[in-house]
Every structure is written in structure tokens, then in C-alpha cells.
Number of protein chains: 2
Amino acid sequence: MNAANLRARVRAEMTEEIKQVALRHLATDGANLSLRAVARDLGMASSAVYRYFASRDDLLTALIIDAYDAVGEAAEKAAASQADPVERWVTITHAVRDWAIANPHKWALIYGSPVPGYQAPQDTVVPATRVIFALAGAVQAGLATGRITEVPPQPAGRFGEEMAAVAEQFGTGVPPHLVGGVMSGFIHLCGAISGELFGQLNNTIDEDREGFFEWQMRAAAAFAGLA
Amino acid sequence: MNAANLRARVRAEMTEEIKQVALRHLATDGANLSLRAVARDLGMASSAVYRYFASRDDLLTALIIDAYDAVGEAAEKAAASQADPVERWVTITHAVRDWAIANPHKWALIYGSPVPGYQAPQDTVVPATRVIFALAGAVQAGLATGRITEVPPQPAGRFGEEMAAVAEQFGTGVPPHLVGGVMSGFIHLCGAISGELFGQLNNTIDEDREGFFEWQMRAAAAFAGLA
DNA sequence: GACATGCAAGAGCAGTGCTCTCGTTGTGGC
DNA sequence: GCCACAACGAGAGCACTGCTCTTGCATGTC
């Protein structure tokens, strides 16, 4: 609790406050975040914000990392709540979807089209994998409890080798072809949520989107071996 | 060839030219399209552009409709080139992916996060369905030639009813549960392409993305009955 | 020739990201 | 206890944006 720590804490609080206001703006005004508007809401000059974030992109990056962590945490929490592997998979996907529906602007931030001129820095790599790992954990549990019987078609050629490398990198003991199933399920999950949030389902599936979602996610689970 | 027609033709040409330059800007500068920059490129005042498009959003809408039509045409052309139902499905998905990779900014325009404050008008509804109909055509062909043997799990409850309504609306004679498979495949397709273009595959699948894509799309075809 | 229409240019408004400079204020080392 | 220094906030300013309004010009019609 020395002075340096105090100053750092005040700075951290200010940084957090800027992010919160920015999130509020993102939620109401859409993706074109105005730094000046954020500064106005905080009763400070726009130039003062630059003491905390070097640029608008820097602020966005901070928000993106937070969002990855939030959705990853939601997925992990859901995973911990279910013992049965199949239901764990389904619960994880529902948790991600619920989070996305509650925070559509944050979802767009991380899984929508990249912000113009914005290039995701290396900081975002690790938090981005938490959902995938949660899904892989369900498959791992399925393997451990002997629930996995059928297997998806073996990936062939270079792609098969790449899956083997990813399986190695994962280090979860999940065999390559199931890693492919996990990745495919993750992609399907992202597509289902983005399709729902970005309007691709409009005028086609308007009533029971949750039913459609779960139907797809159970199919994705089956493709990853979890039948 | 009276004067009015001539004027209309000149106007149409000018409109087309603005769209082309706007697309070029979209491709190089990303999604934040600057109307003034487009006007500069055309050697005209920014205010003159407003004679052709009421607003920047109007210009974007025109580009979105064009993009829907272009990707739809690519899908239909691919569909026509393949008689075998399964290969037709795969060929369609590859055609859509190829188009998206060749026109990533256009893909982001229609399947990425919605432009801030932009609400898709009713004009975009019909062209948006062309890819789905192409996929449904492959399933229809599979039904006609007796290629469809296994069926996906029946959609239950409200979602099942909704699928029945959509099947009716499609009018292609494809039964409800297979319509669900088509929709799921379309969603998976969108997710796979967006995941690839928007960077979700980075640091995981970097080599044989085409192999991963086709592996997924064959699984999606199987889920829609095309095994 | 008078009139009307379509078009383009220019000025102008309110907003943006970002930089620079200038005071102030709080902090750490002596 | 004092002083140098770093952190900070405010304000002005630059170049840019979407969009509006007015003006001038060219063309077609009566």
C-alpha cells in the first residue's frame, strides 16, 4: 500500500472506468466507438484519454481481450457444471450463446468482421482459445468415460497431419480426428451464433432459434464423437 | 433513344462507376468507406455523389445487394456444373468459399457484423436466399435420385413446426427435417468461411484450410442426408 | 425566347482521431 | 522540508468525415 501502488491503483481504476463507458457506448451506438464521446461522458478532455490508451485501436484491443476472457469464463463455468460429456458439450454451447445474446456488441467485436485497419495483436491469442479448450474437455471426458464410440471420418492428407500437430499442441490426449471434430464444432458454434445475431436467420427461423441451435450443437457433438 | 432514356443511361453508368470505385476503396481501406474519398477518385465534389445515393448507407446497401447476387450466382453456377448430389453440395460450398476468399471485403459486408446503425432494408431479403436455395437444390436432387438414405434426427417441438413452415415456403418438395439440415449446413458454411477470413483459425489451422473446409462441408452434407 | 429540370461545385456545420503545448499536481530522492 | 520530475488534464489545432444548402450552369421542353 505504498505510494507507487496507490498511484498505480488509481490509474487502473481510471483505465477500467474508461473501458466501462466505452462498452456502454459500444452497446448503444454500435461498433463505431467515439473516443471523444467517451471522454465527454467522463467529463474529461478527449486528449486526456490518450494518457490511458495510446489510440482508439488500443482501447478496442483491451475490450477485445476482456470479451474473450468473459466468454471463455462463461464456457468454463458451464463446463464445470455438467459431468455427462454430451450434456457438458451442449451446456457449454448454450452458455456461449447466452453470453453472446446478452452481449451482442462484444460478440461482434471478437467474432464479427475485423475492425477496419485493426490487426489483432498477439495478446489476444491465448484468451481466444478458452472456448475451444472447454469443448475439447468435454470430448476428453467422453474418452475417459468410454462414451465415445463412433468416430468422424479420418481427416486425410496435409489436413490430417495438421490436426495431429494441433492435438499435440492441445496436450489433452484427444486424438487428431476428434480434435478436428472439436474445431468443426467450434466453427459451427460461431456460425450459429453469428448467423443468429447478424440477421442471417431473419425471415427464415424466427420462432424457435434456441431449438434450432441445440439441434445443431448436438449434431456437432455427435460429429466430435459425443453421441 | 429519346433524351430521357439517354439521361437515364448516363445516370446508370455514373451510379455503376461510383459503386465500382467504392468497392475498390472497400477492398483497400477496409469497411470504413469514405464517400469523400470516392468522390475525389472520381474527380467530383463530394456533394455530387449525393445526387446518386441519398446517403453513405444507401451506397452500402447497393453494394450489399450486388454482393448477395454475386455470391448467389457463383453458387448457382457451381450447382449447375455437377450432377451428383453430394458432389454438387461440395462444389457449391467450394464456390462460395472461393468467392469469399477472392472478395473478403464483400463477404464481410454481407456476413460480417452489421455496419453500425445500418439496418438491412427489405431489398436484401430475396438475393440473400440464393445460396440456401442452391444447397436445397442439391438435397432435392438427392431425393429425386434416391441418394438420400439416412436422415438427421427429427427436429422436435416448435422448431419442428417452424421447419415445416419453411419447407412449405421453400416449395422445393424437401421434407422439413432435411430443410433443417440444409439450414444447418448453410450456417456451418458461413461459420467456416467467416472463421477463416476473420482470423478464428489463425495459430490453429494454418496449412490445409481447404482440406478442413471440405471435411466439414462433407459432414454438413451428410447431416442434410447427402451421404 | 422563357421556363423547368438535372447536375455539379463550393461553402459550411458538426463531428471525428490524434498531436502538441501549456499549466498543475502529486511523488520520490535528497 | 525541499526540489526536480514525471504524470496528468485541458485546450487549441490539424486534417478528415457525412451531410446540407445555396448557387451557377447546361440541357431539354413549351
Side-chain angles (χ1 to χ4, degrees), chain A residues 1-19 21-26 28-64 109 114-119 121, chain B residues 1-19 21-26 28-64 109 114-119 121:
Chain A
M1 164 66 99
N2 62 32
N5 281 355
L6 185 88
R7 202 178 51 209
R9 212 186 57 190
V10 169
R11 185 181 172 82
E13 276 170 13
M14 193 69 208
T15 306
E16 191 55 35
E17 202 168 345
I18 292 174
K19 288 202 287 189
V21 174
L23 276 179
R24 242 175 37 214
H25 271 86
L26 221 48
T28 56
D29 305 344
N32 46 359
L33 178 65
S34 162
L35 236 155
R36 289 179 110 113
V38 171
R40 267 197 303 275
D41 262 28
L42 286 164
M44 69 199 304
S46 68
S47 54
V49 179
Y50 286 85
R51 299 272 174 206
Y52 299 88
F53 295 96
S55 69
R56 185 173 155 279
D57 277 5
D58 255 45
L59 175 53
L60 278 176
T61 301
L63 297 180
I64 286 172
L109 214 51
V115 177
Y118 174 81
Q119 200 60 300
Chain B
M1 135 89 96
N2 61 29
N5 282 356
L6 184 90
R7 231 190 1 243
R9 211 186 59 191
V10 169
R11 184 180 174 82
E13 278 171 13
M14 194 70 209
T15 306
E16 190 56 36
E17 203 168 343
I18 292 174
K19 288 202 288 188
V21 174
L23 276 178
R24 242 176 36 215
H25 270 86
L26 221 48
T28 57
D29 304 344
N32 45 358
L33 178 65
S34 161
L35 237 156
R36 288 180 111 112
V38 171
R40 268 197 303 274
D41 264 28
L42 286 164
M44 70 200 302
S46 68
S47 55
V49 178
Y50 285 84
R51 297 267 170 204
Y52 299 90
F53 296 95
S55 72
R56 183 172 157 279
D57 277 4
D58 255 44
L59 175 53
L60 278 176
T61 301
L63 297 180
I64 287 172
L109 214 50
V115 177
Y118 174 81
Q119 199 62 298

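First the proteins, then the strands, lettered A, B, ... as listed; each starts at 1.
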query: Where do Arg56(A) and Ala31(A) come nearest, in terms of heavy atoms and distance?
result: NH2-O, 4.1 Å
- line: All heavy atoms of Ala22(A) vs all of Leu33(A), minimum pair found to be O-CD1, 3.6 Å
Pairwise distance [atom1]([X]) to [atom2]([Y]) - rounded to 0.5 angstrom:
{"X": "Leu60(A)", "Y": "Leu26(A)", "atom1": "CG", "atom2": "CG", "result": "7.0 Å"}
{"X": "Leu59(B)", "Y": "Ile64(B)", "atom1": "CG", "atom2": "CD1", "result": "10.0 Å"}
{"X": "Glu17(A)", "Y": "Met44(A)", "atom1": "CD", "atom2": "CE", "result": "9.0 Å"}

field: Glu16(B): partners by salt bridge (Lys or Arg N to Asp or Glu O under 4.0 Å), with sequence neighbours left out
entry: Lys19(B)
task: Could you pull out all residues at least two apart from Arg24(A) that satisfy salt bridge (Lys or Arg N to Asp or Glu O under 4.0 Å)?
output: Asp41(A)
d([atom1], [X]; [atom2], [N]) in whole Å:
{"X": "Arg40(B)", "N": "dA15(D)", "atom1": "CZ", "atom2": "C1'", "result": "10 Å"}
{"X": "Arg11(B)", "N": "dT27(D)", "atom1": "CZ", "atom2": "P", "result": "18 Å"}
{"X": "Ile18(B)", "N": "dA8(C)", "atom1": "CD1", "atom2": "C1'", "result": "12 Å"}
{"X": "Asp41(B)", "N": "dC16(D)", "atom1": "CG", "atom2": "P", "result": "14 Å"}
{"X": "Asp58(B)", "N": "dG18(D)", "atom1": "CG", "atom2": "C1'", "result": "13 Å"}
{"X": "Asn32(A)", "N": "dG18(D)", "atom1": "CG", "atom2": "P", "result": "12 Å"}
{"X": "Met14(A)", "N": "dA7(D)", "atom1": "CE", "atom2": "P", "result": "17 Å"}
{"X": "Met44(A)", "N": "dG11(D)", "atom1": "CE", "atom2": "C1'", "result": "14 Å"}

query: Within the structure shown, what part of the strands sits under 4.0 Å from Leu33(B) by heavy-atom distance: base, sugar-phosphate, or nothing?
result: sugar-phosphate
query: What nucleic acid atoms does Phe53(B) come within less than 4.0 Å of, heavy atoms only: base, sugar-phosphate, or nothing?
result: nothing
- line: For Ser47(A), the side chain to side chain contact (heavy atoms under 4.5 Å, CB included) test, sequence neighbours excluded, returns Ala45(A)
task: Return the set of residues passing side chain to side chain contact (heavy atoms under 4.5 Å, CB included) with Arg51(B) (not counting sequence neighbours), or none when no residue passes.
output: none
Atom pairs, protein N/O to nucleotides 19-25 of chain D N/O, distance under 3.5 Å:
{"residue": "dC19(D)", "atom": "OP2", "partner": "Tyr50(B)", "partner atom": "OH", "Å": "3.0"}
{"residue": "dC19(D)", "atom": "OP2", "partner": "Arg56(B)", "partner atom": "N", "Å": "2.7"}
{"residue": "dC19(D)", "atom": "O5'", "partner": "Tyr50(B)", "partner atom": "OH", "Å": "3.4"}
{"residue": "dC19(D)", "atom": "N4", "partner": "Arg36(B)", "partner atom": "NH1", "Å": "3.2"}

query: Which nucleotide in the set dT16(C), dG11(D), dA9(C) lies at the smallest distance from any side-chain heavy atom of Ala45(A)?
result: dG11(D)
task: State, to the nearest 10°, the angle formed by the axis through the first five base pairs of the helix from dG1(C)-dC30(D) to dC30(C)-dG1(D) and the axis through its last five.
output: 0°
